[in-house]
Visitor: 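Pasting in a structure now, in structure tokens, and then I'll have a few things to ask.
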Amino acid sequence: MMPAARESLLDAAYTALLRRPWSAVRMVDVAAAAGVSRQTLYNEFGSKDGLARALVRREADGYLAGIERALAAPGEPGERLTAVVEWTSSAARDNALIRAMLTGCWSERLPAPRLTAVPSLSSVPAQRRADGPLPTPRDFVRLVRDRAVTALTGPAATPADTAELARPCELAVRLALSCVAAPPAEGGGMAELIRAVVPVQTV
């Protein structure tokens with residue numbers, strides 16, 4: 001199956017999840033919405049659990065791609081860390097799967113696949129990846145922190161530079177996750193929060 005067709009099936013599954021609990025999402029409806037047969041859907045994902053894992057994997061990848069965009073934007077390090085916090089907050093607000101992955105709190109409406117790897121018999125590379133380990137909240141802290149350190153230090157950084165920046169970057173990531181768990185009041189300034197938690201001179 002072409003990657004675009006797989007994306008169409010994942011889009012259909014995500015749209016179905018917006019309308020009803022995952023337990024009520026039917027494979028036949030997902031296939032019909034994407035314009036393929038149910039057998040094609042099973043060939044691609046293996047099972048409904050395989051579809052759930054692929055959907056979670058895609059949303060995790062999309063969140064991390066947004067982190068990369070925030071870190072690549074022009075601006076001072078503190079501004080780019082602020083963008084990371086703001087992206088995390090908005091992504092979690094708009095996407096229940098991202099919110100569940102970042103907090104570890106999976107509601108009954110959502111699929112809740114095992115985060116550990118499952119045996120995979122799939123011949124589809126993307127599905128074999130989805131059948132591998134899925135990120136935990138702790139994994140996201142590490143992944144985002146490490147991406148931030150890499151983006152903010154540059155190619156000429158020494159190990160000492162990297163070590164010095166790791167702590168403020170992790171603080172910023174944990175601030176982002178705390179904003180997901182307990183969103184600040186409307187109008188609360190992310191830049192002010194970053195400055196309060198992450199010393200400007202270290203970033």
Side-chain angles (χ1 to χ4, degrees), residues 10 14 53-107 110 112-117 126 129-203:
L10 291 171
Y14 184 79
R53 295 186 71 84
L55 186 58
V56 169
R57 180 76 262 177
R58 184 183 74 161
E59 300 310 306
D61 290 345
Y63 165 71
L64 291 173
I67 292 293
E68 297 281 3
R69 289 192 298 271
L71 290 168
E76 294 299 316
E79 294 171 330
R80 290 151 75 187
L81 287 177
T82 299
V84 165
V85 177
E86 291 175 336
W87 161 249
T88 297
S89 181
S90 65
R93 182 178 62 247
D94 298 338
N95 188 315
L97 282 174
I98 291 176
R99 185 165 60 251
M101 283 187 280
L102 293 177
T103 62
C105 299
W106 296 80
S107 77
L110 300 175
R114 285 170 43 194
L115 298 183
T116 53
R129 180 168 179 260
D131 289 338
L134 297 172
T136 65
R138 181 176 296 178
D139 291 332
F140 279 113
V141 171
R142 175 180 52 80
L143 289 166
V144 177
R145 179 201 65 205
D146 292 350
R147 281 166 166 75
V149 169
T150 299
L152 298 180
T153 52
T158 67
D161 294 333
T162 299
E164 184 179 354
L165 197 56
R167 178 171 169 73
C169 284
E170 181 161 332
L171 285 172
V173 176
R174 292 188 180 280
L175 173 61
L177 297 187
S178 73
C179 289
V180 170
E186 194 68 30
M190 290 294 179
E192 288 76 10
L193 285 172
I194 285 285
R195 281 196 291 270
V197 175
V198 183
V200 174
Q201 64 269 22
T202 65
V203 298

Visitor: Kindly state each residue pair satisfying ring pair (Phe, Tyr, Trp, His ring centres under 6.0 Å) with at least one member in residues 146-168, sequence neighbours excluded.
Guide: none
Visitor: Write down the atom of P113, the atom of L134, and the distance for their closest heavy-atom approach.
Guide: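 Result for this residue pair: CG-CD1, 3.9 Å.
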Visitor: I'd like a table of donor-acceptor pairs (distance under 3.5 Å, sequence neighbours excluded) in which one partner is a side-chain atom from residues 144-152, with atom names and distances.
Guide:
| from | atom 1 | to | atom 2 | distance (Å) |
| --- | --- | --- | --- | --- |
| R145 | NH1 | E170 | OE1 | 2.9 |
| R147 | NE | E68 | OE2 | 2.9 |
| T150 | OG1 | D146 | O | 3.0 |

Visitor: Kindly compute the distance separating CG (D131) from CZ (R114), expressed to the nearest 0.5 Å.
Guide: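 These two atoms lie 10.5 Å from each other.
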Visitor: Holding to salt bridge (Lys or Arg N to Asp or Glu O under 4.0 Å), I want the full list of residues that pass it with R69, two or more places apart in sequence or in another chain.
Guide: none
Visitor: Donor-acceptor pairs are to be reported for all side-chain atoms of residues 56-64 against protein atoms at under 3.5 Å, with residues two or more places apart or in another chain.
Guide:
| from | atom 1 | to | atom 2 | distance (Å) |
| --- | --- | --- | --- | --- |
| R57 | NE | D61 | OD1 | 3.3 |
| R57 | NH2 | D61 | OD1 | 3.1 |
| R58 | NH1 | E7 | OE1 | 2.9 |
| R58 | NH1 | D11 | OD1 | 2.7 |
| R58 | NH2 | D11 | OD1 | 3.2 |
| E59 | OE1 | N95 | ND2 | 2.8 |
| D61 | OD1 | R129 | NH2 | 3.1 |
| D61 | OD2 | R129 | NH1 | 2.6 |
| Y63 | OH | T88 | OG1 | 2.8 |

Visitor: Under 3.5 Å, is there a donor-acceptor pair between the side chain of S89 and the main chain of V85?
Guide: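 No.
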Visitor: Grab the two heavy atoms, one from L177 and one from P137, that are nearest each other, plus how far apart they are.
Guide: CD1-O, 4.5 Å
Visitor: Can you tell me how far CG of L55 sits from CG of L110, rounded to the nearest 0.5 angstrom?
Guide: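 L110 CG to L55 CG: 9.5 Å, rounded to 0.5 Å.
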Visitor: Identify, with sequence neighbours excluded, every residue that meets side-chain contact (heavy atoms from CB on, under 4.5 Å) alongside T158.
Guide: A160, D161
Visitor: Could you check W106 against L97 for side-chain contact (heavy atoms from CB on, under 4.5 Å), going step by step and ending with a plain yes or no?
Guide: CA-CA 8 Å; W106 296 80; L97 282 174; 3.8 Å; yes
Visitor: My understanding is that only residues two or more places apart in sequence, or in another chain, count here; which of them pass salt bridge (Lys or Arg N to Asp or Glu O under 4.0 Å) with R167?
Guide: none
Visitor: Looking at CH2 of W87 and CG of L71, how far apart are the two atoms once the value is rounded to the nearest 0.5 Å?
Guide: 12.5 Å
